[in-house]
Every structure is written in structure tokens, then in C-alpha cells.
A.B. asks: 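One structure, as C-alpha cells, below. Some questions next.
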Amino acid sequence: MGYNPKEIEKKWQKIWEDEGAFEPLEDQSRDKKYILSMFPYPSGRIHMGHVRNYAIGDALARYYRKRDYSVLHPIGWDAFGMPAENAAIKHKLHPGKWTYENIDYMRKELASLGFSFSKSREFATCDPLYTRWEQEFIIKMFEEGLLYRESTTVNWCEPCHTVLANEQVEEGCCWRCGTEVQHREMPGYYIDIVKYADELLDDLKLLEGKWPNRVLTMQRNWIGKSQGLEFSFELSEESRKKLGGKFESYQVFTTRPDTIYGVTYSALAAEHPIVKYLIEHQLLDPDTAEAISRIANSSERDRAQAEKEGYPLGIDVIHPLTGEKIPVWTANFVLASYGGGAVMAVPAHDERDFDFATQYGLPIKRVIEGGETLPYTGTGALIESGRFSCTESADAKEAIINIFEERGIGKGTTNYKLRNWGVSRQRYWGAPIPFVHCDDCGLVPEKVENLPITLPEDVEITGEGNPLESHPTWKQCLCPQCGKEARRETDTLDTFVQSSWYQFRYATDPKKWESEGIDREDANYWLPVDQYIGGIEHAILHLLYARFFTKVLRDMGLCDVDEPFERLLTQGMVLKDGAKMSKSKGNTVDPDALIAKYGADTARLFILFAAPPQKELEWNDSAVEGAFRFIKKLYGRAEKATHRELPAIEHSKLSAASKEARAKVYDALKKSTDVYESSFAFNTLIAACMEALNALDKQEDEAVWSEGVYIILNLLEPIIPHVASELSERLFGRANLSVTIPLLDEVFVQDSVTLAVTINGKKRTEITVSAEASKEEILAAAREAGSKWLEGVSLIKEIVVPGKLVNLVVKPA
RNA sequence: GCGGCAGUGGUGGAACGGUAGACACGCUACCUUGAGGGGGUAGUGCCCUACGGGUGUGGAGGUUCAAAUCCUCUCUGCCGCACCA
């Protein structure tokens, strides 16, 4: 009877659903595995990237279930966000309706692929029940001083009409729409992620060997820790006067205090208060003032690409150790947002300072020995550095920091590139930030019993402004503190807040979802996620935020977990014609169409066979046919298994071909543990199963066939579950799918072995010897077989690698 | 510039330091079929004077009895960060 994927896939998906086969066990004394693939955004339809992501996770979940673990393998929907609003504008449809309709459709698509997700733990992040707990966490963070509201310069995306976090700005442009971001001064809510910078950095060590190196590196770079000296430059007497007595000094930061005697100028960012003062009080000539203003108004991106540009400010500072006067400039390469927006410049030992000094004819003073030419940015012995001359850089750094600390004019300090996380979004389709503005009490968090603060339904999304702002009544509320009339906050939370704690929500027993956000005991049992699977594009954003949230939740007492994701697998993209599949390029392959034509098992088999999961996968229609062919072949050959259970086989009595077949079958079995538990090289396991089937086909022993099919179906069930279940039920009553099959050593024992004979490491010929042959016998055979290459040379060494080869080392006589 | 990853047939990709190219796709020939599709058998890195031999994992060195694999340098590609003091 022919292979009919449609029929058997429908049949098994129903059986699994009826059996509740994918729910984790209630018993927390059992060994557990938490397998998590990153949840999807409900954009409308699934794409091949989803198929790959969930095929990998599903294979692991199914494997561990078979190994008798209690397995949590959940799915949900990252459901807030911009596309829903854009769709609302376009189709005049409420974002919620659009979102939930998409979820319903995509849920069916995922089910049609046979993925073994827990049904009871599914949720969407836009569910009011999810929002409720998130709002409570946000309030707690506020109470603990981790969340604050502040007016600063923000990244503003005009098309998206919202503020963006630093992490969401890529090369100066919006990560979603690609428009260049503008800088605007406006109030917003911030989460103090920098407070956890050190732990986020240090704990990356715990993930070494378990997360891909490049993700660890990217996070390290992003946090960007640097240690050095922070001190203040005192303004000279005249300069203070010029500045109307408003300023006495300003702070600078350096990672190279050992070069401090080489300072020949100092530079301020164009936005620095002193520069602003000088401009406002017309203390600079008009052309210079205008040029500086132009720099201040240009984007960081433009400044990064611009030529070095700067102007002397006509003021100077006193060198803290030498007492010399140092001229102060403003320069376009000084960032306002880092290290106080001011630098000490050491042109001899810093490339930027050097370029600038050369350009403007400023003095260059070497204070570190080493390197042939300037600038020399390495370390070495100090020269012309007062009492520190002849000291090595490392010692000098320490000593100079000490001096500053003793004199109370500076201190050793640490700076981070990481900035606090701006979570305000001026959009409708997000979780409302649960605060109230009261004229008397100021910023007040909403009472917990009033949560969730939900979105108004009666809105018209136009893309102009924030619908919460323009809604006639939604904003109006009473102050939770004094009870007077007040205004509700109209900003909503960044959607990355939702994806930062969803792994804890899944872990919490759904029976407790009404009464708890995260159940501590459940979280401690299930977390960390044993294997997390997702795209590399989240290397910084989501993975950093989720790590941070985990630590915050831990410190709130909601769990005892330090890191959320024990192991991370970053899957490669799915390409077609060398490019990422995308609608705009028109190179997509629709999973639904693929399933309709070949069935879910073929889709899953192809996607796991075509490339190792970490690598990019190039789509290939004929290779899909190949996967389909293999399943059909397996389906047809399975009939040759006539025993209803794993047969006892007397190995020594088998034909050579049968022995070979058994060896291949057990090779695959042996390989499977490593593949499912560590390497995830599903492609090699599938290849091993193909080899085994090919070898079985070359022999006729029914017991060997039965054993082979029994094992192959067991090994492939996590990959092609429908076919494997169907055949297993028919042949073995599914008994082969719920057992751990022991490896039989006897299968690998061979009567004779074929060894390669190499001369000086080059393969020349082969010998076949009895398995018990002694080293002498093997060498004699090898010399005999290789006699042709041994003429006229002298044999100086002989090496036997058991079961592999014989190497004869010769040299000219 | 800094950091990470990767370079193996026509293609996707295999190879605990031990016979390079498993497995699959494609291709060629033959068989089966009325054709198409499907199935089967054999072959398929490159070169040569071809039942034999040479050569071969981006390139150059090195370690080793033995290197795709380890070390050094170098080239190329992809990705991330990027005037962070």
C-alpha cells in the first residue's frame, strides 16, 4: 500500500491531541528537559525559518520524551508590535482582531507540521492576563529604583512614530523600517540595565562552550566595559571668569592614565554645557559658533563619517599633575553620551587625538617608549612623566590612579558602552505603562488591584500620533495615591519587555496563571531552559534583555535562576538562490504548499538533512524530492519486518551482508545519542539511517530486517514522527517508540578486518586479515602487499593502528 | 580598525590527528515503461601514456610515523561592533 502522507499525518495529529501527548508531566520529581524555540511574531503565515526553528526544537523534545524525561516544549505568540498597527491602518481592522486571527491561522499551520507543543501553556503576550503580570513587574522595578522616568535625548523614528532603544538602532537607522533616526529631547521610561552590566558581563563565562562564541563576543562588545581614571580638569582663573563663574571644572575619563603627562589639549563634545554656554553668551566668533551648532545638530551617524572637525574655545584647564595650562577645544569626534562628553587628548598615543592634533597643528608629546612611529598606542616604559618616568604602563596606571584618589581629585572607575534601556513607545498596540501623572503627587504607579491597565477598544488607528493620547476618555483617571483627577500614562512598553520573561510564564503551571505571574517553585524546576533555539539576529537585543530580566526577577525573589538559557543554538537562515527568503525578493517557498505536495514529514526531513542546523540552508527543490523518495522507500521496505518485536539474533550465523547491515543499523543507533544530546548534526544521523536502510536492502534475513526497521523508526521518530508512528504501530504496536534500545557489542565484532596499507602516510593498498591477527601477522601481510613499494628503500618504522591501517615508514636506501 | 565565524567535487555536505569526498542532489550510460513520471543497475574530485599511476581539502611554512583536522603566517568571503577616550 502506497505512502499517503495526508492521511497518516491527519490521523496521527488527532491521536496525539487525544492522548494529550505533548503536555509535560505533573510530577516534579522527574528528570526534566525544557526545550524552547523562540516564539514567533504572528505576522500572518509561517515561513521556512519557522519550520526550521521548530523542526529542530521538536526533534529534541520528542527525543527526550522518548528517553522518559518530563518535557516542556511550549509555544506562544510575541503578539504586540507595529505590524498589527500598520495592518490596522491599511485594512481598517482593529490590531487585536488582526493579531488573534493570525494566531489562529498560524497555530493550524504549526499543527499541520506535527510539532509537539504543549497546548495548555500557549498564550499571546497581548493577552490581558499576561499584561497584568508584566505591569506588576514594571511597578516593582519602579519601587526598587530600577525603572525611572527621565527627559533626555532619544532615538526617534518618524515613520514608526516612536522612540527606539539604543539596541534597536542599527547603523543610525531604525531596525524595523530602516529610516535614519532623529535625536529628540523627550521624556520616557528607562530601565537601569547598566546596574547589572557587571553581572551580565561576568556571567557570560558561565555560558562559554554552551552558547556560540560569536554571541558571547557580541554581548561582551555591546556591554563594552572599560576601566580607567575619571578626574576633573580645573578651569584656569581667566577661563572661569570668562564663563561667568558658572563652571569650575569638568569631568573626563581615560583608560590610559599612564599617558597623562602627554596631554596637550582637551576636547569637549559639541553638546557639552560649557560649549553651550559659550555659544549662548556669544563668547565665540559667530562663524565658529555656527559651525559648532551645526555639529551639535548633526546625527551621530553623520558625525562618525565626517572628517575630524574642531574649534578652539579660547579657554584652558590646568593639568592636574604638572600645573601646565592646557587649551580646550571642541571636536566632532567627542561623544556627548560617553565619559562625560569630554576627553583629555594625548596625540602621541591615541590615533584620534593624533589625527586631530596633526590637522590643527597642536603639539604632540611622546611619554611612552616603544613603536617606531607615532601615534604609538601600545604600552611601555614612561618617559618625561615626572616621578613616573621609567615606570611600566601597567604599574604607572595603578600608581597614577592612586595619586588622584589620595589627593581627592579623581578616582579609578568603570565605564560601559551599554546604556539604560529605554522602554517607552509612543504606540497603541503594546502593554500600557501602568503609571499615572498627578498634579499633586507627581508620577504614581497604578494600584496592583487595578491591573491590568488594558487598551481601549474604540480607537481608530491612523498612524498619526498616539491613539491613546487622542482618545477622548481613556487618559482620564483618578490618582491612586490622593484620589484626585489625574492623567494616565499613554506610552506603551517596548515589545522586548514581553519576550524577556515569557520563558518563566511557560514554566508556571497554567492553573496558577490567574493568581501568579511566575511561580517560584515551577520556575526553579523548569528553568533554565535546557536548549534554546533561535535566529542569530537576536544575539544582542532579546538575549541580553532576557538575561537581564532573569537576574531582576531573581532579585525580586521570583526564582533562583541566574541565567535563563543553559544552551543556545543559533540556527542559520533559509536561503533561496543565495538570498534570504523574503516576499519582496519573491524567492519564498510556502510551507503550506510544500506540506500539501509532500507532507509534513518530508518538509521536516529535508530541512534537517540539507545542512547542519547552525549553517545557512540553501533551498533545493530536487533535494526535497530526495527526502520524499527516502520516506517512500522506508515505507515500502518496512514490510520486510515480519517480527512483531525486537528479535533475538544469533549474529555469528548471519551472512556477511546481514552482518554488515546490522553493523550499519547499530552505527546509526550509536550516533543518535551524540546527535540528539550534543552535536545536533541531524544531517549525519539521517545519513546513517539511509546507509543502514541501503545495507539492509542488500540482505534478506527477516530477523535482521525486523531489527533494523525497529531501530530506524525509533531513531527517526523525532524527525519524521507521522511516518514513524504509522509504521511502528502497524509493525510493533509502537513498542519500539517508547524504549531505549541497548547497543549490542557483538554487532561490531567482525571476523576479518580490512586495513589500509600506507607508505609514509600515503595509502597504497589494502589487506584483509582475521580479526584476531597478531601485530606480527598484520605487519607480515602489509609488507607482502606493499612489497612493490619496498624495493630499493629501507624500512625504518612500522606502525599498526588497530582496525584502521598499517603505516610503513621508508627512506631511500 | 577591532572582534567572531567559515573556506573540502558540478551542488548541499561527511570525515575521535589514522583509507578525504560518507549520505544526498545533479549528471552519464544501460534496464524497465507506449511516452512522461516512477523504479532499478553501474559510473561520477582532477590529471596522465588509464586492468596502472600521479595529484588533491584557499595559499606558504611548521609539528607528527601520519594533518582537511594541531601551530605560525597569509589570502578570500560572511557576520557583528565601530571616532566609546
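Letters A, B, ... mirror the listed sequences (proteins, then strands); counts begin at 1. Note that the structure is predicted; figures quoted are calculated from it, not measured.
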A.B. asks: Now, which nucleotide makes the Watson-Crick or G-U wobble pair with B:C5, with each of the two distances under 3.5 Å?
C.D. replies: B:G77
A.B. asks: Do the ring centers of A:Tyr265 and A:Phe356 come within less than 6.0 Å of each other?
C.D. replies: yes
A.B. asks: Against the six-membered ring of A:Phe333, is A:Lys308 placed for a cation-pi contact (under 6.0 Å from the centre, within 45° of the normal)?
C.D. replies: yes
A.B. asks: May I ask you to say what A:Ala336 touches in the nucleic acid, namely base, sugar-phosphate or nothing, with a heavy-atom cut-off under 4.0 Å?
C.D. replies: nothing
A.B. asks: What distance, rounded to whole Å, do you find between the two P atoms, one in B:C16 and one in B:G21?
C.D. replies: 13 Å
A.B. asks: So, A:Phe606 versus A:Trp619, ring centres under 6.0 angstrom or not?
C.D. replies: yes
A.B. asks: Base, sugar-phosphate or nothing for A:Gly626? Non-hydrogen atoms, less than 4.0 Å.
C.D. replies: sugar-phosphate
A.B. asks: Could you work out the separation of B:G10 and B:U44 based on their P atoms and round it to a whole Å?
C.D. replies: 15 Å
A.B. asks: Write down the partner of B:C27 under the Watson-Crick or G-U wobble criteria, each distance required to be under 3.5 Å.
C.D. replies: B:G43
A.B. asks: Strictly below 4.0 Å: does A:Arg629 bring a side-chain N or O up to OP1 or OP2 of B:C25?
C.D. replies: yes
A.B. asks: Check every atom of B:A82, B:C25, B:G4 against the side chain of A:Thr217 and return the nucleotide holding the closest atom.
C.D. replies: B:G4
A.B. asks: Taking the minimum atom-to-atom distance to the side chain of A:Arg764, which one of B:C83, B:U19, B:G54 wins?
C.D. replies: B:G54
A.B. asks: Please work out whether B:A50 sits syn or anti, treating a glycosidic angle within 90° of 0 as syn.
C.D. replies: syn
A.B. asks: Just compare B:A14, B:C65, B:G3 and give me whichever is closest to any side-chain atom of A:Pro612.
C.D. replies: B:A14
A.B. asks: Could you tell me which non-hydrogen atom of A:Val215 sits nearest to which non-hydrogen atom of A:Thr570, and how far apart they are?
C.D. replies: CG2-CG2, 4.1 Å
A.B. asks: ring-ring contact (aromatic ring centres under 6.0 Å, His included) with A:Phe496: which residues, sequence neighbours excluded?
C.D. replies: A:Trp175, A:Tyr545
A.B. asks: Does a side-chain N or O from A:Arg352 land closer than 4.0 Å to OP1 or OP2 of B:G1, or not?
C.D. replies: no
A.B. asks: Of the options B:A85, B:U19, B:G3, whose atoms approach the side-chain atoms of A:Lys763 most closely?
C.D. replies: B:U19
A.B. asks: Across all strands shown, which nucleotide pairs with B:A22 by Watson-Crick or G-U wobble geometry, both distances under 3.5 Å?
C.D. replies: none
A.B. asks: Who is the Watson-Crick or G-U wobble partner of B:G61, with both distances under 3.5 Å?
C.D. replies: B:C71
A.B. asks: Determine the contact category for A:Val252: base if any of its heavy atoms lies under 4.0 Å from a base atom, sugar-phosphate if only primed atoms, P, OP1 or OP2 are that close, otherwise nothing.
C.D. replies: nothing
A.B. asks: Describe the nucleic acid contact of A:Ala610 in one word from base, sugar-phosphate, nothing, applying a heavy-atom distance below 4.0 Å.
C.D. replies: sugar-phosphate
A.B. asks: Taking the side chain as every heavy atom from C-beta outward, state whether A:Asn53 and A:Met38 have any atom pair closer than 4.5 Å.
C.D. replies: yes
A.B. asks: What's A:Asp355 touching, base or sugar-phosphate or nothing? Going by heavy atoms closer than 4.0 Å.
C.D. replies: nothing
A.B. asks: Compare the minimum distances between each of B:G56, B:C16, B:C65 and the side chain of A:Lys762, then state the nucleotide with the smallest one.
C.D. replies: B:G56
A.B. asks: Can you figure out which of B:C16, B:C23, B:C65 approaches the side chain of A:Ala687 most closely?
C.D. replies: B:C23
A.B. asks: Check whether more than 12 heavy atoms from other residues, nucleotides or ligands sit under 6.0 Å from atom CD of A:Glu398, and answer yes or no.
C.D. replies: no
A.B. asks: I need the residues from residues 779-796 of chain A with at least one non-hydrogen atom less than 4.0 Å from RNA chain B; give them sorted by number, or say none.
C.D. replies: A:Lys788, A:Trp789
A.B. asks: If you pin A:Arg214 and A:Gly340 to their nearest nucleotides in RNA chain B, which one's is more 5'?
C.D. replies: A:Arg214
A.B. asks: Is NZ or CZ of A:Lys597 both nearer than 6.0 Å to the six-membered ring centre of A:Phe628 and within 45° of the ring axis?
C.D. replies: no
A.B. asks: Please determine if a side-chain N or O atom of A:Asn332 lies less than 4.0 Å away from the OP1 or OP2 oxygen of B:C83.
C.D. replies: no
A.B. asks: Please state whether the base of B:C81 and the side chain of A:Lys417 form at least one donor-acceptor pair under 3.5 Å?
C.D. replies: no
A.B. asks: Side chain of A:Glu691 only, please: which of B:C83, B:A24, B:A22 is the nearest?
C.D. replies: B:A22
A.B. asks: Ignoring hydrogens and angles, answer whether the base of B:C65 and the side-chain atoms of A:Asn807 contain a donor-acceptor pair closer than 3.5 Å.
C.D. replies: yes
A.B. asks: Could you check whether A:Glu677 pairs with A:Lys671 (Lys NZ or Arg NE/NH1/NH2 to Asp/Glu carboxylate O, under 4.0 Å)?
C.D. replies: no
A.B. asks: Can you tell me the pairing partner of B:G38 across any strand shown, Watson-Crick or G-U wobble, with both distances under 3.5 angstrom?
C.D. replies: B:U32
A.B. asks: Please determine, for the side chain of A:Ser226, which listed nucleotide (B:A85, B:A22, B:G39) has the closest atom?
C.D. replies: B:A85
A.B. asks: Pick the nucleotide of RNA chain B nearest each of A:Lys797 and A:Glu351; which residue has the one closer to the 5' end?
C.D. replies: A:Glu351
A.B. asks: Just checking A:Glu616: base, sugar-phosphate only, or nothing, at a heavy-atom cut-off of under 4.0 Å?
C.D. replies: sugar-phosphate
A.B. asks: Counting side-chain heavy atoms from CB outward, which of B:A85, B:C23, B:U19 is closest to A:Leu805?
C.D. replies: B:U19
A.B. asks: Report yes or no: do A:Arg764 and A:Thr758 form a side-chain donor-acceptor pair below 3.5 Å?
C.D. replies: no
A.B. asks: In whole Å, measure the gap between the P atoms of B:A20 and B:U72 for me.
C.D. replies: 26 Å
A.B. asks: Tell me what A:Val809 touches on the nucleic acid: a base, only sugar-phosphate, or nothing, going by heavy atoms under 4.0 Å.
C.D. replies: sugar-phosphate
A.B. asks: OP1 or OP2 of B:A14 versus the side-chain N and O atoms of A:Asn683: is any pair under 4.0 Å?
C.D. replies: yes
A.B. asks: Categorize A:Lys615 for me: base, sugar-phosphate, or nothing, with a 4.0 angstrom heavy-atom threshold over every strand shown.
C.D. replies: sugar-phosphate
A.B. asks: Given B:G56, B:G12, B:A15, identify the nucleotide with an atom nearest to the side chain of A:Phe609.
C.D. replies: B:G12
